[in-house]
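First up is the structure itself, then whatever we jot down about it.
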Amino acid sequence: MTENPLVCPVGSGPVPKKLYAVGAEFANPKELYAAAEKVRESGIKSWDCYTPYYIHGLDKAMGLPKSWVGLFTFAGGLAGLTGGFLLITITSVYVYPMDEQGKPYFSLPGFVPILDLLMILLSAIMSIVGMTTLCLLPRLHHPLWEWEAFTRATHDKFFIVIEANDPRFNENAAVDLLREIGGTNLTFIGDEE
Amino acid sequence: MPYFTPSTRPARPRYDLLEKHMDEEIERARLENVREPYVTNNRDAVWVGDRIASVIENPTPMWWYIAVSIAGGVASLTGLGILYLISTGVGVWGENKAANWAWDITNFVFWIGIGHAGTMIAAILYLTRQKWATGINRAAEAMTVFAVMCAGIYPGVHVGRVWLAWYLAPIPNGNAIWPNFRSPLLWDVFAVSTYLSVSIMFWYVGLIPDVAAMRDRVKNKILKYFYAIVCLGWRGSARQWANYEFCYLMLAGVATLLVITTCTVVSSDFSTSVIPGWHGTIFLPYFGVGAIYGGFCMLITLLVPLRELYKLRDIITLRHIDMCCRFVLLMALLISYIYLMEFFVAYVGGNPNERFTFYQDRIFGPYGTTWLCMLIFNSFIPMLFWSKKIRRNPWAAFGIVIFPSIGMWLERYVIIVSSVHRDFLPSSWGMFYPTYVDVLTFTGTLGVFFLMYLLFVRFLPMIAIAEIRSVLPEANPHEPPTVSKNGAEPGSHHD
């Protein structure tokens, strides 16, 4: 571990062999918001903010596009509606037609509640599938969890992490930028090979 | 000299005086109109997280063990009741030929109704941007999930031959039989199972960031693994939050649609029949209102002891209790209007059977006392909530909502039993008497509900930590924290 550390504060000790990112800590949402705007202006693409709670407007400050989860919801709803329609129609009209108080076999008004419920069920499932897919979850391990300070990302600290997989990534430039925008506790975070 | 002489020149406005008082006046008006804070006593985000997590982290209090043993003991009655029912037959319940439906469906509608208030708070108040609801939405959603589980017991076992209940599902079977999709009873199966599934999903998605926070806090290895798997490896990155919030919004929209569909479908079990007392278009709003009414009563019953026991008075504030009481009051007024409408429609409808059911049997018949209790409990006692003093006194609210909680059960009983026990054929008229199996099975479901709730409170964050933090003044990156009303109740800052 000592020869090849996974996490190392900037300026003390060796840099990890395979770098995942450079991280910096911020004290409150206001500082983070201002810093995020500056990182966006610098043109870096592979980076992220980590916050204990949703900060309204931060996604705009970072220049993130609108989430695509809605598309998943819509697709799920459509699938539930058409799938339900086919299920009910095929079984009630063709496979097992039943004379119920003289009602027509194809009685759409009577089908509406179940169509509605199947639409709701599938759109709810697909919303969650969409959210977890777009968030790249579930995940059992992540390089950031090697950084001890990062356990407070769900509690009281705010982080900006500039990732090494950005084509224009330069660790010295990233460190300078994070210092300039007011980050503290700058740390190199390594990735397992 | 004339009393009033028109001046040739307008009086010079005293700008100096105006300016002197303006700042003071504006400041005073601002302070008066400032809303009560969502979290009182100017608590910050760290305090909120620590306090909510302390419920899980602190050693288990003695009262919890006692409460769990009582609830567990009572819950076993349901198990025994169901076992006896399945091994013997539905004859162990008090149902007879005139009253085919009685306590089973009453309890089903009672429990499913309690669930609706949780979705109302978590989804509808979220869509309408009622930020105060963040303080109680998790507790309310958990109530929904457990109440719907209790409700699901009844349709499951009242079919008689429980081992054939899977015929209700649209899956191929050996007899090549398919369910009748036009039947409200099948709608019911779909409604309850969808409602349970979507409520669990909605609740679970809300839990993800808070469980991640617990993962980073707890010292116990086993609990850490448990939380790490439940939270799916949540990291709280801004990209994740953007997708997460959008997903939550979508689920809130879907759940809103679902709660309306479910109460409509449950009411259709009755209103699509031709029984006087059931056959009414008013049943759709009737069941929706009744459901939210009963649910808010149960929520107050749960929240008032919890905020005292776990010292959460700054998070579940007097304002939250006040708001819940206002909902109870609103629903009491709506349901009273519906009670009146039912009688009015029976009068103008001109159907002699319906007039008999409402004007003779329901008021003066053998179930008249039940009806009168229902009216007093649901329409009159909650009128005490017109007083702000009572709404802001948690234990008074706790005492008052017990009455509409019972009243809402009685309402379902009145609707169901007093409508069917005297049907179109007087020779088959009779009475319904519950057997001890009926009584014990229902008492047991109360135990099941409270047992699950106690386990939830002990092991999962019962208040949405991340959501409350995001509505605190410090979470706003654009404005400095402003002066606001403290809003605390006396003595709570010692906690």
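A, B, ... follow the sequence lines: proteins, then strands. Residue 1 opens every chain.
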Distance-only polar pair, side chains of A:T151 and B:D216, donor-acceptor under 3.5 Å: no
Side chain proximity check, B:L257 to A:M119, heavy atoms < 4.5 angstrom: yes
Between B:R239 and A:Y50, is the side-chain contact (heavy atoms from CB on, under 4.5 Å) condition met? List the steps. CA-CA 9 Å; B:R239 284 161 216 270; A:Y50 292 84; over 6 Å; no
Would you call the rings of B:H478 and A:Y33 parallel, tilted or perpendicular if under 30° counts as parallel and over 60° as perpendicular? perpendicular
Which answer fits B:V205, side chain, backbone, both or neither, if we ask what part of it has an atom under 4.5 Å from a heavy atom of chain A? side chain
Region of A:L121 that comes under 4.5 Å of a non-hydrogen atom in chain B: both
So what's closer than 4.5 Å to chain A heavy atoms on B:E245: side chain, backbone, both or neither? side chain
Name the member of B:S237, B:C247, B:A228 that forms the most heavy-atom pairs with chain A at distances under 4.5 Å. B:S237
Against chain B, label A:T73 side chain, backbone, both or neither, depending on which of its atoms sit under 4.5 Å from a heavy atom there. side chain
Measure distances from B:I208 to the heavy atoms of chain A and classify the residue's part below 4.5 Å as side chain, backbone, both or neither. side chain
Which bit of A:H155 comes within less than 4.5 Å of chain B, counting heavy atoms only: side chain, backbone, both or neither? both
For B:A176, is it the side chain, the backbone, both or neither that has a heavy atom under 4.5 Å from a heavy atom of chain A? backbone
Within-4.5 Å side-chain heavy-atom neighbours: B:L258 and A:L117: yes
Quick one: does B:W241's side chain have a donor or acceptor within less than 3.5 Å of a partner on A:D59's backbone? no
